[in-house]
Amino acid sequence: MTTAGFTTCLWFDGQAEEAAHHYVSVFEGAVLGRVVRWPEGGPGPAGSVLTAEFTANGQKFVALNGGPEFTFNEAVSFQILCSDQQEIDHYWTKLTENGGEGGPCGWLKDKYGVSWQVVYAPLLDMVADPDPEKAARATKAMMGMGKLDAAALEEAYAGA
């Protein structure tokens with residue numbers, strides 16, 4: 001391979017550059033990279049965006065204007081591990097605004113239909129706790145939530 005890691009390609013229907021700018025605005029330190037436009041004589045209108053590259057949370061992406069043939073679904077989602085409620089609130093708000101929608105257990109779809117999991121990072125250890133009662137309480141609490149509530153998860157896990 002010529003580079004380390006992978007680049008995730010996200011297929012859009014005319015919104016690739018808009019989506020890349022949106023994601024760069026959501027994640028601190030994210031950067032927009034190369035934007036490639038169709039040349040004269042290409043299959044797309046000359047000057048229109050073919051791809052827009054960006055990096056968010058150290059992950060490389062390319063947004064492709066591929067057309068209406070394919071759409072996003074929940075079979076693929078991106079996990080955002082958050083250290084506290086402030087981070088959960090930030091990502092949940094930014095990714096559901098302007099047409100996104102919240103789902104169960106910390107899942108959401110953004111306005112482009114991309115699925116995200118906004119996860120309270122300590123929850124991963126809570127639900128895997130070797131004490132089955134603690135794990136069950138944390139899991140049950142999570143299953144009853146849309147946007148995750150860090151304090152409520154901590155309380156459930158502790159048995160409070």
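Position 1 is the first residue of the sequence; numbering continues from there.
- With contacts defined as side-chain heavy-atom distances shorter than 4.5 Å, the pair Gln15/His22 does not qualify.
- Within the structure, side-chain hydrogen bond (donor to acceptor under 3.5 Å, both in side chains) contacts touching residues 125-136 (residues at least two apart or in different chains) are Asp129-Tyr157.
- Transitive grouping of hydrophobic side chains (ILVMFWY, heavy atoms separated by less than 4.5 Å) keeps Val62 and Val35 in distinct clusters.
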Do any side-chain atoms of residues 94-106 form donor-acceptor pairs under 3.5 angstrom with protein atoms, and if so which ones, sequence neighbours left out?
from  : atom 1 : to    : atom 2 : distance (Å)
Thr96 : OG1    : Trp92 : O      : 2.7

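- Neither Val36 nor Leu32 shares a network with the other; the hydrophobic side chains, linked directly or stepwise wherever heavy atoms of I, L, V, M, F, W or Y lie under 4.5 Å apart, form separate groups for each.
- Residues Phe27 and Ile88 fall within the same hydrophobic cluster, defined by Ile, Leu, Val, Met, Phe, Trp and Tyr side chains chained together at heavy-atom separations under 4.5 Å.
- One hydrophobic cluster, built from ILVMFWY side chains closer than 4.5 Å, holds both Val118 and Met143.
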Table please: side-chain donor-acceptor pairs of residues 43-56 below 3.5 Å, with sequence neighbours left out.
from  : atom 1 : to    : atom 2 : distance (Å)
Ser48 : OG     : Pro45 : O      : 2.7
Glu53 : OE2    : Arg34 : NE     : 3.3
Glu53 : OE2    : Arg34 : NH2    : 3.0

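- Rounding to the nearest 0.5 angstrom, the gap separating the CD1 atom in Ile80 from the CG atom in Leu108 is 7.0 Å.
- Side-chain atoms of Glu154 and Tyr120, non-hydrogen and from C-beta on, do get closer than 4.5 Å to each other.
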Checklist line | Stepwise side-chain contact (heavy atoms from CB on, under 4.5 Å) test for Thr8 and Val76 | finding: CA-CA 11 Å; Thr8 300; Val76 174; over 6 Å; no
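- Neither Val119 nor Met126 shares a network with the other; the hydrophobic side chains, linked directly or stepwise wherever heavy atoms of I, L, V, M, F, W or Y lie under 4.5 Å apart, form separate groups for each.
- Between the side chains of Ser77 and Gln117, a donor-acceptor pair is found at a separation under 3.5 Å.
- The line from CG of Asp89 to CG of Asp149 is 9.0 Å long, rounded to the nearest 0.5 Å.
- Taking the six-membered ring for Trp, Phe12 and Tyr112 have ring centres closer than 6.0 Å.
- Side-chain contact between Asp110 and Val26 is absent, with no heavy atoms from C-beta onward closer than 4.5 Å.
- Taking CD of Gln59 as the start and OH of Tyr23 as the end, the distance is 13.5 Å to the nearest 0.5 Å.
- The CG atom of Leu64 lies 6.0 Å from the CH2 atom of Trp11; values are rounded to the nearest 0.5 Å.
- With respect to Trp116, the ring pair (Phe, Tyr, Trp, His ring centres under 6.0 Å) criterion is satisfied by exactly one of Phe78, Tyr91, Trp107: Phe78.
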